[in-house]
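Step one of this worksheet: look at the structure below.
Quick note: numbers below take in every heavy atom, side chains included, and nothing from hydrogens, waters or symmetry partners.
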Amino acid sequence: MPHVYIQDIAEHVEKEVTLKGWLYNKTDKGKLRFLLIRDGTGVIQTVVFQKNVSPEVFQATDTLAQESSLVVTGTIRKDERALGGFEMDVRNLEVIQVADSYPISPKEHGTSFLMDNRHLWLRSARQHSILRIRSEIIKACRDFLDDRGFTLVDTPIITPAACEGTTTLFGLDYFEEKAYLTQSGQLYNEAACMSVGKTYCFGPTFRAEKSKTRRHLMEFWMIEPEVAFADLDDIMDLAQEHLCSIVQRVLTERTEELKVLERDTTLLETIQSPFPRISYHEAFDILEKEGTQTPRGSDFGGTDETIISSQFDRPVIVHRFPTAIKAFYMQPDGENPELALCMDILAPEGYGEIIGGSQRIHDYDLLSERIEEHHLPREAFQWYLDLRKYGSVPHSGFGMGVERVVAWICGIDHVRETIAFPRMLYRMYP
RNA sequence: UCCUCAGUAGCUCAAUUGGCAGAGCAUCCGGCUGUUAACCGGAGGGUUGUAGGUUCGAGUCCUACCUGGGGAGCCA
């Protein structure tokens, strides 16, 4: 019999086929047994009638526990009573392995228990849907950039110095030399874009901050495009189109998964260009009206981000933050050097910052000055300064946190569910 | 790191003023030809996070520690 996947089952009505998968749930009605089987592409109800199968096959269904692996052969037919509208009449069944008593039952569980069993939790419908949407989002990112002539250039994971200075890094011993896990590929992207014009990197990044919130992971993935000759306006446009294309892709390609997650897709359908663009000071006008505790001049807190984003039905771009609170490499605004040519994009529904970007300093002397001011080790940044000596051009880029985008699009409240095996403060098992 | 809440069966949770350790699910046994987290009957399953203290008596009160959840700061 041909092995088919459940997602294609509609093409096999009234035909006999073979399915390979795992037992998702079982209902026993005496001489009639319902086996819910999943195979990674979907779930289907199969029925085993005692009179239709051999005594051995019927007896085998006795022993089947949740998550047992099996191969079933039978005829597919339409049946309104079955979940999904199709059902298999089982003729033969081969048990590959009878599962031990499965810890994750269809009933409720606590977060701690589920995280301890993350390797098994991945099989549940919600987690399965999130994994599939994450994969689609990453594919959408790569397609978007590849289609626009970007070249993927992988940046190093092990780095000799901090990219942005003071944030806490994971250190490691590199043959008796001090090294760190990267916190961004950006500086290397700047070198790459002077070769290929438009580049991006996609990889894991690491922050050793002892952060413990729904928006934080110690290890997370970032997409970082960098474009030579681009200014702040250019990358705001790019980031906006990028986000729109991701949302569109998930809406069209992952409809079923969004349904499993019970995501309100009307909130995603409004994600269209143009996004509102407000300056840092305009954002603070809103915050002060809403009575924020945060003083103007400092960075937003988590609740501030929620207040700002809740004013809009689509992502909001906040640009031109004070230079004093931003990274050393950001280009000051020609009209007011107190402000940096940078932007953050805040996702709606309180999901907070999903993108941060800026125009980079391309003047050698200014960059050199900034490195001094920030007390950064000059030797480590010599190669980075070199980029400003050999055909320096204005250039800009941004970084997008994949997990936060997945959380937003899926409508889930904690980034720990957006990656298969999250690394969190006090938790790195399994 | 700080604030806050919690830890009782494999899981989710009860246990009155300090007075016999309980239920549902899961597991095992039995029943049922249309179940959707099926249902009905039965069985097994406990160092109440750890260590100390108060008390005739502690799951319950006190102290310390451990583990985890939620939040803050910081960040994408």
Could you check whether [X] gets within reach of a base, just the sugar-phosphate, or nothing at all, counting any heavy atom under 4.0 Å?
X        : result
A:Ser211 : base
A:Gly110 : sugar-phosphate
A:Thr205 : nothing
A:Arg427 : sugar-phosphate

Sidechain N-carboxylate O distance under 4.0 Å for [X], [Y]:
X        : Y        : value
A:Glu305 : A:Arg215 : yes
A:Asp147 : A:Arg142 : no
A:Glu67  : A:Arg38  : yes
A:Arg134 : A:Glu403 : yes
A:Asp146 : A:Lys198 : no

Considering only atom [atom1], compute the distance from [N] to [M] and round it to an integer number of Å.
N     : M     : atom1 : answer
B:G24 : B:C61 : P     : 27 Å
B:G73 : B:A37 : C1'   : 41 Å
B:U8  : B:G68 : P     : 14 Å
B:U33 : B:C39 : C1'   : 14 Å
B:A6  : B:C56 : C1'   : 31 Å
B:U12 : B:A26 : C1'   : 11 Å
B:A9  : B:G18 : P     : 23 Å
B:U47 : B:G10 : P     : 8 Å

Which base sits across from [N] as a Watson-Crick or G-U pair, both distances under 3.5 Å?
N     : value
B:U60 : none
B:C13 : B:G22
B:C39 : B:G31
B:U48 : none
B:U1  : B:A72
B:A6  : B:U67

Looking at [options], which one has an atom nearest to any side-chain atom of [X]?
X        : options             : value
A:Glu353 : B:C74, B:U12, B:A76 : B:A76
A:Phe113 : B:C74, B:U1, B:G10  : B:G10
A:Ser105 : B:U33, B:C74, B:C25 : B:C25

Whole Å only: how far is the [atom1] atom of [X] from the [atom2] atom of [N]?
X        : N     : atom1 : atom2 : answer
A:Met115 : B:G7  : CE    : P     : 22 Å
A:Lys212 : B:A76 : NZ    : P     : 21 Å
A:Asp299 : B:A72 : CG    : P     : 15 Å
A:Asp413 : B:G69 : CG    : P     : 13 Å
A:Met343 : B:A76 : CE    : C1'   : 12 Å
A:Phe321 : B:A76 : CZ    : P     : 11 Å
A:Gln66  : B:G10 : CD    : C1'   : 13 Å
A:Glu209 : B:A72 : CD    : P     : 15 Å

Within less than 4.0 Å of OP1 or OP2 of B:C75, is there a side-chain N or O belonging to A:Arg404? no
Review item, side-chain donor-acceptor pairs of residues 405-417 of chain A, under 3.5 Å, at least two apart:
residue: A:His414; atom: ND1; partner: A:Arg416; partner atom: N; Å: 3.0
residue: A:Glu417; atom: OE1; partner: A:Gln127; partner atom: NE2; Å: 2.7

A:Glu373 atom CD, over 12 foreign heavy atoms within 6.0 Å: yes
Test the A:Arg148-A:Phe144 pair against the cation-pi criterion, namely NZ or CZ under 6.0 angstrom from the six-membered ring centroid and within 45° of the ring axis. yes
When you match A:His109 and A:Gly356 each to their closest nucleotide on RNA chain B, which lands nearer the 5' end? A:His109
Which residue lies more 5' along RNA chain B, comparing A:Tyr102 with A:Trp221 via nearest heavy atoms: A:Tyr102
Nucleic acid footprint by protein, nucleotides 34-43 of chain B - heavy-atom cut-off 4.0 Å, B for base, S for sugar-phosphate alone: BBBBB-----
Is a donor-acceptor pair below 3.5 Å formed from side chain A:His216 to base B:C75, judging by atom type as modelled? yes
Salt bridge (charged side-chain N to carboxylate O under 4.0 Å, His left out) with A:Glu349: which of A:Arg404, A:Arg263, A:Arg314? A:Arg263
Can you name the one residue among A:Tyr384, A:Trp383, A:Tyr200 that meets ring pair (Phe, Tyr, Trp, His ring centres under 6.0 Å) with A:Tyr188? A:Trp383
